[in-house]
Amino acid sequence: MFDIIIKNANLPDGRRGIDLGIAGGKIVAIEKSLPAEAVEIIDATNRLVSPPFVDPHFHMDATLSLGLPRMNVSGTLLEGIALWGELRPTLTKEALIERALAYCDLAVSQGLLHIRTHVDTSDPKLVTVEAMLELKEKVAPYIDLQLVAFPQDGYYRAEDGVKSLERALDMGVDVVGGIPHFERTMAGGARSVEALCRIAAERGLPVDMHCDETDDPMSRHIETLAAETVRHGLQGRVAGSHLTSMHSMDNYYVSKLIPLMAEAKINAIPNPLINIMLQGRHDTFPKRRGMTRVRELLEAGINVAFGHDCVMDPWYSMGSGDMLEVGHMAVHVAQMSGVEDKKAIFDCITVNSAKALGLEGYGLETGNPANLVILQAEDVVEALRLKPTRLAVLREGRVIAKTAPKLASLSLPGRPAEIDSGINPTGRPAF
Ligand SMILES: [Zn+2]
């Protein structure tokens, strides 16, 4: 006897017609035609059941602040940073939590149940840190939130940047952040990477830096980050976020860099929506795309995970908390349109992201918590194409969000009365 049986589901690995039995909040059986009863049966015929989406790079303290205190007129990264600097002194803990909770509601409805958020530590008052620590407790029943101490205005460049970051870590922030390309000099950036990796090693914490978010091919802090990772024995616990300068580097240099990153087991976290929007702004034409070398990193065995980064904030006025929108953009910007490419992209917003965050018990396997999403699409390739309705989202065996399927009714002579947008119109599986 199960609490729930999800019947006849398709799984991300391509298996079709599989039953998932759930009891006591865990997945306890995954097989064809489970010969058992359940309190609740959910029919998932022709529907993909996926582990939850994981966003490894977000800014929860800035989300939904669009328009406060004004709009970003140029739409650039630097005006975004300036605008955030104007808003920051007016932030209150209550307003930060309220906006973040609203975003978390949206995230849950889209099956996004694990988020790593950078938290700005530039203002020594650390209202942002207090708010995000409280938020983490509030959402713990439905979202696993990891916090990164992020010195937005520079670890050395901001007054009190060093002290504020240390205090944020003392307060309980989980991960050491950084922004070496925003320090005053390249040398200052490299020093910040060295100092921050040392702090992480001493405190036993992971590292996740905004690294080389620029079109400057000489911005090479990722090289220092990889070297410091090895020096401090932090392999596998360090992430380089953005890495957009790699797009513009010369190929010879990259042929040395990527093996260094692989040796250090660096997690690479590009943010396709934001990178394609904000990079290449000083170019006329041809215009650079500004996303790092996803295919080449994957081919080198490097763990690549995609972040959403921003939703309706000073840097990005768009976004909807949908990691499939992120994956959809990645397919285009990374030009990963082959079938195996698309399967790899789906991993970048699910299993690879979970690995980057060091999540335990993640994935559709017996014994794991029954955290999953049922999508109105037949497989992972179709999910990337359609960004479909999340029919149900389960957390520890409980349905915490539901959306009605998107069905269009037609009034056309001789044509079907209804279209289910989740059914592949070719009639053939996408892989
Ligand atoms: Zn970011």
Side-chain angles (χ1 to χ4, degrees), residues 54-66 72 75-85 87-88 100 103 107 112 115-122 128-129 132 145-155 158 165 168 173-183 189 192-193 196 206-215 219 221-222 225 238-247 266-279 281 290-292 304-319 321 323 325-326 329-330 348-349 353 356-357:
V54 180
D55 182 357
H57 187 115
F58 194 64
H59 293 266
M60 195 69 87
D61 51 1
T63 195
L64 306 190
S65 67
L66 183 67
N72 182 336
T76 59
L77 173 61
L78 291 180
E79 185 176 343
I81 294 175
L83 182 45
W84 175 242
L87 175 60
R88 197 164 41 205
Y103 179 76
L112 172 51
I115 302 174
R116 173 182 278 181
T117 178
H118 294 255
V119 184
D120 187 3
T121 57
S122 303
T128 44
V129 175
M132 294 302 115
L145 203 58
Q146 272 186 15
L147 308 184
V148 185
F150 172 49
Q152 170 79 72
D153 291 355
Y155 179 60
L165 185 128
V173 170
D174 312 286
V175 182
V176 179
I179 186 165
H181 58 278
F182 198 71
E183 302 296 344
S192 78
V193 173
L196 292 161
V207 174
D208 188 339
M209 290 193 196
H210 284 64
C211 195
D212 305 323
E213 187 184 6
T214 157
D215 294 315
S219 187
H221 298 295
I222 180 59
L225 184 60
V238 174
S241 282
H242 291 294
L243 305 172
T244 53
S245 73
M246 287 182 71
H247 182 96
I266 296 281
N267 296 285
I269 306 184
N271 297 287
L273 295 167
I274 274 57
N275 299 155
I276 193 67
M277 180 68 97
L278 295 181
Q279 298 304 308
R281 289 281 180 138
M291 191 157 86
T292 196
V304 179
F306 294 138
H308 200 316
D309 201 1
C310 303
V311 171
M312 301 182 80
D313 69 12
W315 297 275
Y316 190 61
S317 57
M318 316 232 335
M323 292 307 292
E325 198 173 307
V326 175
M329 178 60 81
C348 291
I349 51 175
S353 293
L357 268 54

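The structure presented is a predicted model; accordingly, all values stated were derived computationally and were not measured. For the numbers below, each heavy atom of this structure counts, side chains included, while hydrogens, waters and symmetry mates do not. Counting starts at 1 for both ligands and their atoms, following the listed order.
Looking only at side-chain heavy atoms (C-beta outward), His242 and Ile274 come within less than 4.5 Å of each other.
Among the atoms of His210, an N, O or S atom is found under 2.8 Å from the Zn ion (ligand 1). Inclusion of Asp309 in the first shell of the Zn ion (ligand 1) is supported: an N, O or S atom falls under 2.8 Å.
Here the Zn ion (ligand 1) is the vertex; the NE2 atom in His59 and the NE2 atom in His57 give an angle of 110° (to 10°).
Residues Phe182 and His210 place their aromatic rings such that the two centres sit no closer than 6.0 Å.
Classified by interplanar angle (parallel below 30°, tilted 30° to 60°, perpendicular above 60°), the ring pair His308/Phe58 is perpendicular.
Summarising the geometry, atom CD belonging to Glu213 is positioned 5.5 Å from atom CD belonging to Gln279; distances are rounded to the nearest 0.5 Å.
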